[in-house]
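Structure first, then comments.
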Amino acid sequence: MGEFAHALEPGAFAAVFPFHVVFDPGLRIRQLGPSIVKACPELALGASWLSHFEILRPTMSEPGFEQLRERRRAVFLVRHRSTGLTLRGQIVFSDSPAVAFFLCSPHVTDLSELGALGVGLNDYPLHDASADLLFLLRSRDVAMAEAKAFAARLQQQSVDLARAKHAAETANHAKSQFLATMSHEIRTPLNGILGTTELLLRAELPASQRECVEIISASGKTLMALIGDILDFSKIEAGMMPIEARRFELRSLLREVVSMFGPAAQRQAIELRCRVAEDVPVGVVADPGRLRQILTNLMGNAVKFTEAGTVDVRVALRLTSDGDPQLLFEVEDTGVGIAPEQQARVFDPFVQVDASTTRRCGGTGLGLGISKRLTRLMGGEIGVRSEPGEGSCFWFALPLCIADSADFGDSGREAEPDADQVFDASVLVAEDNRINRRVAELMLERLGCAVELVPDGAAAVAAVADRRYDLVLMDLEMPSMDGLAATAAIRALPEPAARVPIVALTASVTSEITESCAQAGMNAHLTKPISLDALAAVLGEWTAD
Amino acid sequence: MYGLVNKAIEELICRQHGAAAWRRIVERAGLDDTGFVSMDDYPDSVTYGLVQSASAELDVPGADLLEAFGRHWISYTGREGYGELLDASGRSFDEFLDQLDALHSRVGLTLPNLRPPSFVVERGEPGAWRLRYYSERVGLAPMVVGLVRGLADRFGMEVDVMLEAPRSAESDCDVFAIRLAEA
């Protein structure tokens, strides 16, 4: 390296060490850098260095010139007594003349301290990285503040999500309640319309009046079907459509559905055919109500859109690509058919392919949408093949679950109800709706029963405790004491009152309702609107000696 | 570029055109609207993409957007935790300009991958400066015009900034003439 021949001129030295202090062996200040003069303007040449500055590090009991020289390898941290400016640096000693150079720069940990001291970044020499450190520390603070803001936002989002979830659950519950209420409230007056028109139609009426009543009856039934569709669709969308797994005889159900369309097919000169492959088991486990609903819908459409020709209903077994057995249902007609571009849309809700037919035949456009969702709920699939002008074949496939066929002997078939039958029975009707009470009374009287009416559950319990009835028809939803509570109370009465058969009157039947009815001690249920046939069947079953 | 730059663009767009416009711009740029982290290093293509999308979405020339961004940048960083850094970097417009290159060097030394620009300032007659701008990035000269104007705003001044000589095959820098606006 050799001798250091070059040294800085005083001006350049001051630029490189703008905060320096030079003091003599008496610790009197001999020279000051330009920046320290700016930061500590009261510093004056000749003043005692230690009267202005306090040594924080290294720890020294009696700091004199020689003691300082002994610590020349130490990092010095000194604080200006009046401004609080802390300087960090080292002391370099010169022998000729004997002086010490305190070469330093401000030691701050935050940029805000600089401002308070009246020092700027331009007061730092360019070679000094401590100013860079200040920026780095500030960037760390910014990053930390941002992280905290993110955390707070996340926490707020969690709170918002929990609140939204609660609101959604509350809304869903309210929707469920609304659906249940609507179901009850709409079906109740319809029950009155359909029940009374049924009674009227069985009476002797002049032809013109009969026609009017038939129109009322048909309109009521259509309205009931429409409301049923809308409520079903809402239930499915709300995830509230229960799917049951019950054992039943498939062929019997098919016969029932096909026979429903007999009169309509006859009027339109349509031949209805039903073929079930021999290998299809007698008894299956599925939801018979929903299966009936899908079949009814597909057959209804087939009959509706076929001017004349045939409607074939076929059931066969098939295997999925995974080898799982399925029941394949097909409803094929020779009707108008569906254009290829419309075939994909027919299962969308509210889609009606032929508006003119809809106007003529009615419908919500929900039937196929409901059928699609029901098949999906039952683990199946649905589709259509069609040629415009040739006809359509709607099909759906459901997983096959075979029930023990021994459960379905001929003896299991119920007797055909007879609405003209006469029952010598005493029946108590507990129903809060005045119209429904009157309809039940008229129907029961037509079936030869002695009828007593009460408006609520408590009155029903009192009546049963007071006298003997052959049957109680109990509405489920009544003020003060509902049907379930009243049934439980009746079952707690002394014999023989406790054993009276009780049949629930419900607006809709779900497995939950059926279960609740059974738990309360009810024997059966009737769905509103009550028909004479259904009422006769119940009377036949529960009032027979 | 660091996320702080993209966040400043976001704030500028949201203030002037609304949050919905910003969401459309982000979508148009093919980015997720999950926000930027100030101290995270993003590819330059993200920032350029945002400016291009904003230009198309708002039907504003890209140069105008860059100048607006440059002017916004000074006040944005002042509010986002770097106000004291700006305070410490100069007590006057002239002093700040003098420190501009050192400031960028210091920042660049503490943030890896920043690749900050470099500046040379020459004082002319009173109230006039010539600024030479060196950058690895291209097309950002309008942003420098905005930055200088934003800096003048900070000191309550108004300046005219003109790109006197753009970067070219002969010159490796853009040269701007800065002049105090006539009162």
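Protein chains get the first letters and strands the later ones, always in sequence-line order, with residue 1 at the start of each.
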Looking at [X], I'd like to know if its [atom1] atom is crowded, meaning that more than 12 non-hydrogen atoms belonging to other residues, nucleotides or ligands lie closer than 6.0 Å.
X	atom1	value
A:Leu126	CG	no
A:His127	NE2	yes
B:Glu164	CD	yes
A:Arg88	CZ	no

In terms of heavy-atom pairs under 4.5 Å, which option from A:Gly120, A:Ala143, A:Gly115, A:Ser139 contacts chain B the most? A:Ser139
Going through the distances and angles, do A:Leu111 and B:Tyr82 end up as a side-chain contact (heavy atoms from CB on, under 4.5 Å)? CA-CA 9 Å; A:Leu111 277 163; B:Tyr82 295 99; 5.9 Å; no
Evaluate the criterion side-chain contact (heavy atoms from CB on, under 4.5 Å) for residue pair A:Asp110 and B:Glu84; output intermediate values, then yes/no. CA-CA 9 Å; A:Asp110 194 282; B:Glu84 283 147 355; 3.8 Å; yes
If you look at every heavy atom in A:Leu121 and B:Gln99, which pair is closest and at what distance? C-OE1, 4.2 Å
Smallest separation among heavy atoms of B:Thr110 and A:Leu136, with atom names: O-CD1, 3.5 Å
Where on [X] is there a heavy atom nearer than 4.5 Å to chain A: the side chain, the backbone, both, or neither?
X	answer
B:Leu111	side chain
B:Tyr2	neither
B:Leu109	side chain

Take A:Glu146 and B:Val37 through the side-chain contact (heavy atoms from CB on, under 4.5 Å) test and state the conclusion after the steps. CA-CA 8 Å; A:Glu146 194 172 59; B:Val37 177; 3.4 Å; yes
Which value, rounded to the nearest 0.5 Å, describes the distance between B:Glu95 atom CD and A:Asn122 atom CG? 4.0 Å
Spacing of A:Leu133 atom CG and B:Arg106 atom CZ [to the nearest 0.5 Å]: 11.0 Å
Answer yes or no: is there a donor N or O on one side and an acceptor on the other, between the side chain of A:Arg138 and the main chain of B:Gly81, under 3.5 Å? yes
